[in-house]
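For reference, the structure is listed below as structure tokens.
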Amino acid sequence: MEYRRLGKSGLKLSALSFGSWVTFKNQIDTQLAEQCIGTAYDAGVNFFDNAETYANGDSELIMGKALRNLGFSRDSFCVSSKVFFGSHTHPKPTQHGLSHKHILEACHQALQRLQVDYLDLYFCHRPDPETPVEETVRAMHALVQQGKVLYWGTSEWSAEEIGAAHRVARELYLTPPAMEQPQYNLFVRERVEQEYAPLYRDYGMGTTIWSPLASGVLTGKYSRGIPKDSRLNLPGYEWLKERLQSEDGRRRVVAVEQLTVIARELGMSPTQLALAWCLKNPHVSSVILGASRVEQLRENLGALAQVPKLTSEVMLRLATAAN
Ligand code: NDP
């Protein structure tokens with residue numbers, strides 16, 4: 001495993017990490033979670049990603065039980081949560097958003113469900129236009145001061161919004177965000193590569209990137225229709241299926257066929273190619289893997305060994321094929 005600093009911070013995250021969106025509860029029970037987390041940990045993964053909203057809190061419950069059963073030393077791994085969306089089962093006005101109250105409550109709930117004393121990383125899952133950024137920064141700073149959170153960050157905030165959080169933190173001597181969690185893959189590049197460039201330079205921010213396989217599309221599995229057992233057939237994820245069947249989605253499936261040809265030439269799977277491509281970006285601190293089965297995870301963990309094959313000439317070919 002390779003370890004990368006989370007931006008300018010001293011925290012070293014595994015370049016490949018493991019997340020639970022969609023999968024935990026819907027496809028993965030506690031026993032399988034234990035197998036997946038154990039497989040990842042044995043391969044050197046030290047960061048496990050979660051959020052209050054995933055399976056309405058059940059994803060954190062499952063991860064908490066699995067981590068407890070596995071019994072890893074707490075100082076050997078990092079675990080995250082995210083606050084903003086709340087859960088469908090708790091829809092009251094104080095139960096979502098980035099108010100000081102919800103940030104504090106959601107943190108306490110995540111700690112209980114995950115069965116840990118502190119969150120290594122805690123993300124504001126989306127910007128909240130109805131809460132002043134100063135209130136959010138103060139709430140996160142308070143959690144850091146209390147030792148309940150070590151590093152706080154944002155997810156899918158604009159560079160302007162993140163810059164505003166940094167300016168408030170600097171003016172008021174509060175803890176600034178250390179990382180962003182954006183989508184990044186061969187199809188979604190602009191934000192990480194262009195918009196956020198000043199954030200790496202000016203604030204030393206790190207990124208933990210999501211959907212590196214564009215929800216599985218980059219594996220090539222959708223070239224011949226939608227497999228029955230894939231996430232696109234899960235109730236509640238019809239929007240993902242609709243996205244795949246849109247004009248842009250169909251264009252992506254065709255692009256993956258070209259990417260697959262290049263992957264085969266290089267002696268790797270299209271999945272590994274797509275993940276290795278993400279790893280090539282030095283501003284990516286960790287690529288968060290998603291997997292609904294242990295075999296998928298094993299294949300994905302093999303991506304790291306393929307990175308040296310992605311020469312600048314190959315990178316150019318990939319960019320052309322994905323475009
Ligand atoms: P991916 O884009 O990598 O998609 C993962 C899915 O692709 C798997 O669940 C599986 O779906 C399929 N897949 C993975 N590997 C293989 C393989 N080797 N062969 C065939 N199919 C494969 O990542 P996610 O979208 O899951 O995102 C990763 C993590 O990022 C999440 O778990 C979460 O922690 C985080 N995230 C954060 C967001 C945010 O807003 N901050 C938003 C979304 C995710 P299937 O079951 O269909 O086979």
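Each ligand, and each atom within it, is numbered from 1 in the order the structure gives. Positions are given from 1 along the sequence.
Taking the six-membered ring for Trp and the full ring otherwise, Trp277 and Tyr184 have centroids separated by under 6.0 Å. Aromatic rings of Phe72 and Tyr41 (six-membered ring for Trp) have centroids within the 6.0 Å cut-off, being under it.
One finds a salt bridge joining Arg74 and Asp120 here, because a Lys/Arg side-chain nitrogen approaches an Asp/Glu carboxylate oxygen to under 4.0 Å. Between Glu134 and Arg138 there is a salt bridge, with a side-chain nitrogen of the basic residue lying less than 4.0 Å from a carboxylate oxygen of the acidic one. Salt-bridge formation is detected for the pair Arg293/Asp229: a Lys NZ or Arg NE/NH1/NH2 atom is positioned less than 4.0 Å from an Asp or Glu carboxylate oxygen. A salt bridge links Asp49 to Lys82: at least one charged side-chain nitrogen sits closer than 4.0 Å to a carboxylate oxygen.
Any N or O atom pair closer than 3.5 Å counts here, and Ile209 shares no such pair with ligand 1. At a 3.5 angstrom cut-off on N or O pairs, Glu299 counts as close to ligand 1. Taking any N or O of Ser215, backbone or side chain, at least one lies under 3.5 Å from an N or O belonging to ligand 1. Not one N or O of Asn50 is nearer than 3.5 Å to an N or O of ligand 1, by distance alone. Looking at Ser230 next to ligand 1, no N or O pair under 3.5 Å apart turns up.
For atom 28 (C) of ligand 1, the nearest protein heavy atom (residue, atom name, distance) is Ile288 O, 3.3 Å. For atom 34 (O) of ligand 1, the closest heavy atom belonging to the protein is Asp49 OD2, 2.6 Å. Closest protein heavy atom to atom 6 (C) of ligand 1: Arg231 NH2, 3.4 Å.
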(message) Leu218 vs Leu186, test: side-chain contact (heavy atoms from CB on, under 4.5 Å). Steps then yes/no.
(response) CA-CA 8 Å; Leu218 282 158; Leu186 267 156; 4.2 Å; yes

(message) Evaluate Arg231 against Ser292 for side-chain hydrogen bond (donor to acceptor under 3.5 Å, both in side chains), listing each step before the verdict.
(response) CA-CA 9 Å; Arg231 89 165 37 163; Ser292 56; over 6 Å; no

(request) Would you check, one step at a time, whether the test side-chain hydrogen bond (donor to acceptor under 3.5 Å, both in side chains) holds for Ser246 with Asp248? (result) CA-CA 5 Å; Ser246 69; Asp248 191 47; 5.5 Å; no

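Thr219 places a side-chain N or O within 3.5 Å of a backbone atom of Gly216 that can act as its donor or acceptor partner. Between the Glu180 side chain and the Ser155 main chain, a donor and an acceptor come within less than 3.5 Å of each other. Between the side chain of Arg5 and the main chain of Leu11, no donor-acceptor pair closer than 3.5 Å is present.
Ligand 1 lies nowhere less than 4.0 angstrom from a heavy atom belonging to Val22. For the ligand labelled ligand 1, residue Arg126 lies inside the 4.0 Å heavy-atom shell. Residue contact check for ligand 1: Phe18 places no non-hydrogen atom closer than 4.0 Å to it. Within the 4.0 Å heavy-atom shell around ligand 1 one does not find Gln183. Residue contacts with ligand 1 include Gln27, since one of its heavy atoms falls under 4.0 Å from the ligand.
Listed by number with element, the atoms of ligand 1 under 4.0 Å from a non-hydrogen atom of Ser292 are 9 (O), 45 (P), 46 (O), 48 (O). Under a 4.0 Å criterion applied to the non-hydrogen atoms of Gln181, ligand 1 contributes the atoms 35 (C), 36 (N), 37 (C), 38 (C), 39 (C), 41 (N). Close contacts between ligand 1 and Gly19 involve ligand atoms 32 (O), 34 (O) [criterion: under 4.0 Å to a heavy atom]. With ligand atoms numbered from 1 in the order given, ligand 1 contributes 9 (O) to contacts under 4.0 Å with heavy atoms of Thr23. Taking every non-hydrogen atom of Lys82 and a distance limit under 4.0 Å, the qualifying atoms of ligand 1 come out as 41 (N). Below 4.0 Å from some heavy atom of His125 lie the following atoms of ligand 1, by number and element: 39 (C), 40 (O), 41 (N).
Only the side chain of Thr271 comes within 4.0 Å of ligand 1, judged by heavy-atom distances. Contacts between Ser20 and ligand 1 below 4.0 angstrom, taking non-hydrogen atoms only, involve the backbone exclusively. Contacts between Glu295 and ligand 1, counted as non-hydrogen atom pairs separated by less than 4.0 Å, are absent for every part of the residue. Under 4.0 Å from ligand 1, the heavy atoms of Asn300 that appear belong solely to its side chain. Only the side chain of Thr219 comes within 4.0 Å of ligand 1, counting heavy atoms alone; its backbone N, CA, C and O stay farther away. Residue Leu297 does not touch ligand 1, judged by heavy-atom distances below 4.0 Å.
Here atom 20 (C) of ligand 1 lies nearest to Lys221 when heavy atoms of Glu156, Arg293, Lys221 are compared. When the options Ser155, Ala291, Gly216, Ala214 are ranked by their closest heavy atom to atom 7 (O) of ligand 1, first place goes to Gly216. Distances from atom 38 (C) of ligand 1 to the heavy atoms of Trp21, Tyr237, Trp210 put Trp210 nearest. Nearest to atom 27 (O) of ligand 1 by heavy-atom distance, out of Cys278, Ser211, Gly290, is Ser211. Which of Gln296, Gln272, Arg298 comes nearest to atom 22 (C) of ligand 1 through a heavy atom is settled by distance: it is Gln296.
For Ser87, the side-chain hydrogen bond (donor to acceptor under 3.5 Å, both in side chains) partners at least two apart in sequence or on another chain are Thr89, His90.
Glu60 pairs in a salt bridge (Lys or Arg N to Asp or Glu O under 4.0 Å) with only one of the listed residues (Lys25, Lys65, Arg113), which is Arg113. Applying the side-chain hydrogen bond (donor to acceptor under 3.5 Å, both in side chains) test between Glu52 and each of Gln95, His102, Gln109, His96 identifies His102 as the sole match.
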Distance-only criterion, 3.5 Å: show the donor-acceptor pairs between side-chain atoms of residues 199-209 and protein atoms not counting sequence neighbours.
unit_1	atom_1	unit_2	atom_2	d
Tyr200	OH	Val192	O	2.7
Thr207	OG1	His283	O	2.7
Thr208	OG1	Gln181	NE2	3.1

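When only modelled atom types and interatomic distance are considered, Ser286 and Ser17 share a side-chain donor-acceptor pair under 3.5 Å.
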